[in-house]
Amino acid sequence: GNSVTQMEGPVTLSEEAFLTINCTYTATGYPSLFWYVQYPGEGLQLLLKATKADDKGSNKGFEATYRKETTSFHLEKGSVQVSDSAVYFCALSEETSYDKVIFGPGTSLSVIP
Amino acid sequence: GAVVSQHPSWVICKSGTSVKIECRSLDFQATTMFWYRQFPKQSLMLMATSNEGSKATYEQGVEKDKFLINHASLTLSTLTVTSAHPEDSSFYICSAKAGPNTEAFFGQGTRLTVV
């Protein structure tokens, strides 16, 4: 079945450090890939997405490139801020009649001043 | 983006009672809605998928008689936790899609505590 794997956290970085959160997936067909962010006590927000191979999603300084050859969608940011502290979920959605979103386990990020 | 609203945002109930959680798409018609459950510090686990006007499709291991899902209109789906027990305490999140190959929008979640 479809699945998403993420690097285990928690990840702790100093402000302005470079961030990489690894994500790999297993899927049949051609999934769309997403990164969602969940701030403490809140619901999910879509951070970025990519719908086909070699697409790059970007938002708020975060980027991720859809790599079909390595089945990966790693999240990167060049300079993190304290306000980026949250849990980040990699996810995929297959093009089925229901298009349900399957989530990875999540990676907790803490950015310290 | 589109707005999905859940109500209530938190609820405390006594063991043995039933609790209903509403999920509404405020500015679009949602042909499909999904219900997820999230335990503390864990990921979202899909519970069921519901299409307007038809029975929900439950994921393996989810008790359909325990978690009743109704998708009565294109803007409203409800999840009823029947005869709730402390182990049902969790964060429940819904999402809604306007159709195939469209973005899923998530509600803000409902924190259920059963005492």
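So that the names make sense, note that chain A is the first sequence line, chain B the second, and so on, each numbered from 1.
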Same cluster or not: are [X] and [Y] linked, directly or through other Ile, Leu, Val, Met, Phe, Trp or Tyr residues, by side-chain heavy atoms under 4.5 angstrom apart?
X       : Y       : answer
A/Leu13 : A/Tyr39 : yes
B/Trp35 : B/Val4  : no
B/Val11 : B/Met47 : yes
A/Leu92 : A/Leu75 : yes
B/Tyr92 : B/Leu76 : no

ask   = Roughly how far apart are A/Gln38 CD and B/Phe91 CZ, rounded to 0.5 Å?
value =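 That separation rounds to 6.0 Å.
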Are more than 12 heavy atoms, taken from residues, nucleotides or ligands other than [X], located less than 6.0 Å from that residue's [atom1] atom?
X       : atom1 : answer
B/His7  : NE2   : no
B/Lys64 : NZ    : no
A/Met7  : CE    : yes
A/Glu8  : CD    : no

Part of [X] lying under 4.5 Å from any heavy atom of chain B:
X        : result
A/Val87  : neither
A/Gln6   : neither
A/Phe103 : both

Turns out that what part of B/Gln6 lies under 4.5 Å from chain A's heavy atoms comes down to neither
Open item on the list: Quick check: under 4.5 Å, non-hydrogen atoms only, which of residues 42-49 of chain A neighbour chain B?
Closed with: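 The stretch touches chain B at A/Glu42, A/Gly43, A/Leu44, A/Leu46, A/Lys49.
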Side chain proximity check, B/Leu44 to A/Phe89, heavy atoms < 4.5 angstrom: yes
In terms of heavy-atom pairs under 4.5 Å with chain A, the winner among B/Glu103, B/Gln42, B/Met45 is B/Glu103
field: Check: A/Tyr36 ring centroid to B/Tyr36 ring centroid under 6.0 Å
entry: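 Ring-ring flag for A/Tyr36/B/Tyr36: false, centres at least 6.0 Å apart.
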Does B/Ser43 reach the main-chain N or O of A/Gly104 with its side chain, forming a donor-acceptor pair under 3.5 Å?
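Yes, B/Ser43 side chain to A/Gly104 backbone: donor-acceptor pair under 3.5 Å.
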